[in-house]
> 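Can you keep this structure in mind? I'll have questions shortly.
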Amino acid sequence: MTNKVKDILSKEYFSRSDIISLLSVDDDAERNLIFQKAAEVREKHIGNNIYLRGLIEYTNICSKNCLYCGIRAGNKKVNRYCLNEEEVLTCAKYAYDQNYGSVVIQSGERRGQQFIESIDKLIKEIKKLSNGELGITLSCGEQSEETYQRWFESGAHRYLLRIESSNEELYYRIHPKDENHDFNKRLLALKHLKSAGYQVGSGVMVGLPFQSDENLADDLLFLQKIDVDMVGMGPYIEHPETPLFDLRNKIPDPKARFEKTLLMIAIIRIMMKNINIAASTAMDTLDNEGRIKAILAGANVLMPNITPIKYRENYQIYKDKPVLTEADELVGKLEASPLLKDYHIVYNAWGDSPHFGKRNS
Ligand code: 5AD
Ligand code: SF4
C-alpha cells in the first residue's frame, strides 16, 4: 500500500478514487506520509504562518432546526441570548488590543430587518474602533443576496457558510426536508457570497451517520469545484438534545472521527494549496491537542473564542464544547508548544486567503 500512497501523493491532481484511497489509509506510517506532503505543500505555497481571528458568538437565537445542532430552534432547554452592541465592541476591542488582526462574528441564522441592521452597525463600529485595521469575517448563515452585499459594503470581507454535506441525500438526513433547510438555496447562497465579493469559506462535518468515504471524497471535490478561498471542517459531535443523537451508535468512534478529520484537512491542503484552513474548536473536544494536530495537518487559521465567558455555555452546538478556554491562554499554549516550533503566529495581519488574491488577479 505504501507505494500506492506515494504514487497518489506524487500526482498533480487527485481523482475521486485517489481521494477515497487516501481517506481509507489507517497505517500510521502511511498517514504520516500524507501529513508530511500537506506540510510541504503548505510551506511551499503559503509558508508556516498561523493567523488569528477572535471569535464572537453574537447570538444563539436561530430560526433553523438542523438535526445535529444543540442550539437548533427546537431545543427549548437553551437559554437564548444576544450580546448588546457594547458587549460586542468590548470583544472586538480585546481582539484589537491582543493584535489578533481579525474577528469573526458568528450567530444562529436569523431573519428580519432588525438583525440585518444590527450586524451592519456592528461591522461599521468595529471598523471605526480599530481605525479600519481589524478584518471582519461573518458566519451568520443564509441571507439574501442584497443583505450579503450590504454587509460587504459596510466592511465585512470574509464569510463562512459550511455546506455541511455536499451530498443532497445525506444533507436531507441531517436537516429537515423543508424550505427552511433547502440544499439548493444553500448552494445559491454560496454563489451570492462569491459574487458579492467575499472571500468565501465552506466545509463539512466529518463522521456523520450514513457518511461514507465516497461522500467525503465528493465533499473535497465539491470544495475544489466551487473554488472556495477558505475551509472549515470539523468532526461531528453528537448533542443529546438533538434528533440526530438517536443515531449515536451509527457513527465512528471519537478517535476515528478525529483522525478522519485530520486526513480531510491534509488532503484538501494538498488539493487546494493556497487556501486558508481553520483548525476548528471541535478538534479540541476529541483530542487535547486537537487544534495543534490540525495545524500540523495543514490548517493555518485559529479562532480563539473571545465571547464573554458567561454566555459561552449557551452556545453549545455540540456536547463538551470547550467553554472555559480563554483566548490568550489558547494562543499562549500554541506559542509554547514544541510541536509548533516551526510555525509562526502572525499578529496584526488580516491573513487573507492567498487563493482569493490569485483568483482575482
Ligand atoms: N457537531 C459538530 N459540528 C457542529 N456544528 C453544528 N452542530 C454540530 C455538531 N453537533 C457546526 C456546523 C455549523 C458550524 C457553525 O458548527 O458545521 O456550520
Ligand atoms: Fe442554527 Fe447553524 Fe445550528 Fe443550524 S447549525 S441550527 S443554522 S446555529
Side-chain angles (χ1 to χ4, degrees), residues 53 55-78 80-82 104-111 115 137-143 159-166 170-183 185-186 189-190 193 200-209 211 216 219 223 228 230-248 250-252 254 257-258 260-261 264 278-287 290-291 294 303 305 307 312 314-322:
R53 289 90 175 79
L55 174 66
I56 307 170
E57 292 162 338
Y58 171 52
T59 173
N60 66 357
I61 302 172
C62 186
S63 60
K64 279 193 157 173
N65 259 314
C66 306
L67 302 177
Y68 44 84
C69 176
I71 62 169
R72 61 201 300 275
N75 183 3
K76 302 297 175 212
K77 293 193 181 163
V78 178
R80 302 289 167 173
Y81 74 86
C82 182
V104 180
I105 303 179
Q106 183 162 75
S107 74
E109 192 171 303
R110 286 175 65 179
R111 319 234 177 273
F115 177 73
T137 306
L138 298 178
S139 175
C140 302
E142 290 166 42
Q143 304 288 341
Y159 204 106
L160 308 171
L161 184 72
R162 289 187 180 176
I163 187 71
E164 314 296 1
S165 168
S166 65
L170 179 53
Y171 188 89
Y172 286 121
R173 290 181 121 158
I174 61 169
H175 297 96
K177 196 162 189 180
D178 61 27
E179 60 171 33
N180 203 19
H181 302 81
D182 187 310
F183 181 71
K185 281 192 190 150
R186 201 155 186 91
L190 285 165
L193 285 167
V200 178
S202 194
V204 298
M205 284 177 287
V206 180
L208 291 162
Q211 189 180 48
L216 290 170
D219 288 336
L223 294 170
V228 288
M230 315 181 286
V231 162
M233 285 187 298
Y236 162 65
I237 300 171
E238 66 281 20
H239 188 296
E241 298 301 326
T242 60
L244 221 56
F245 193 68
D246 294 346
L247 297 177
R248 64 191 174 284
K250 298 231 179 302
I251 54 175
R257 273 177 275 156
F258 178 78
K260 191 73 84 180
T261 310
M264 289 285 283
S280 77
T281 313
M283 296 300 273
D284 275 3
T285 298
L286 299 189
D287 187 297
R291 280 186 276 192
M303 310 200 304
N305 194 343
T307 311
R312 290 197 198 170
N314 301 319
Y315 211 95
Q316 288 283 347
I317 46 187
Y318 48 84
K319 86 176 159 72
D320 300 331
K321 179 162 170 271

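FYI, the numbering just counts along the sequence from 1. Both counts, for ligands and for their atoms, begin at 1 and track the order of listing.
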> Strictly inside 4.0 angstrom of atom 2 (Fe) of ligand 2, do you find any protein heavy atom?
no
> So, the side chain of Lys260 versus the backbone of Gly207: is there a donor-acceptor pair under 3.5 Å, distance only?
no
> Tell me, do Leu138 and Tyr159 make a side-chain contact under 4.5 Å, heavy atoms counted?
yes
> What residues come within 4.0 Å of ligand 1, counting heavy atoms only?
Tyr68, Cys69, Gln106, Arg162, Glu164, Met205, Pro235, Tyr236, Ile237, Ile317, Tyr318
> Can you check whether His239 reaches Asn75 side chain to side chain, under 4.5 Å on heavy atoms?
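Counting from C-beta outward, His239 and Asn75 do come under 4.5 Å.
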> If you look only at pairs with a residue in residues 65-74, which of them pass as a salt bridge (Lys or Arg N to Asp or Glu O under 4.0 Å), with sequence neighbours excluded?
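Those involving residues 65-74 do not exist here.
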> State whether the side chain of Arg110 and the backbone N or O of Thr59 hold a donor-acceptor pair below 3.5 Å, judged by distance alone.
no
> If the condition is side-chain hydrogen bond (donor to acceptor under 3.5 Å, both in side chains), which residues does Arg248 pass it with, not counting sequence neighbours?
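Applying side-chain hydrogen bond (donor to acceptor under 3.5 Å, both in side chains) to Arg248 gives none.
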> With a 4.5 Å heavy-atom cut-off, do Glu142 and Lys64 have their side chains touching?
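Side chain of Glu142 against side chain of Lys64, heavy atoms only: contact under 4.5 Å found.
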> Side-chain contact test, heavy atoms from C-beta onward, threshold under 4.5 Å: evaluate it for Arg80 versus Asn314 and give yes or no.
no
> Does any part of the side chain of Tyr318, heavy atoms only, come nearer than 4.5 Å to the side chain of Thr285, both counted from C-beta?
yes
> Determine yes or no for a side-chain-to-main-chain donor-acceptor pair under 3.5 angstrom, with Thr307 supplying the side chain and Glu57 the backbone.
yes
> Under 2.8 Å from atom 3 (Fe) of ligand 2, which protein N/O/S atoms are there?
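Checking every protein N, O and S atom gives Cys69 SG.
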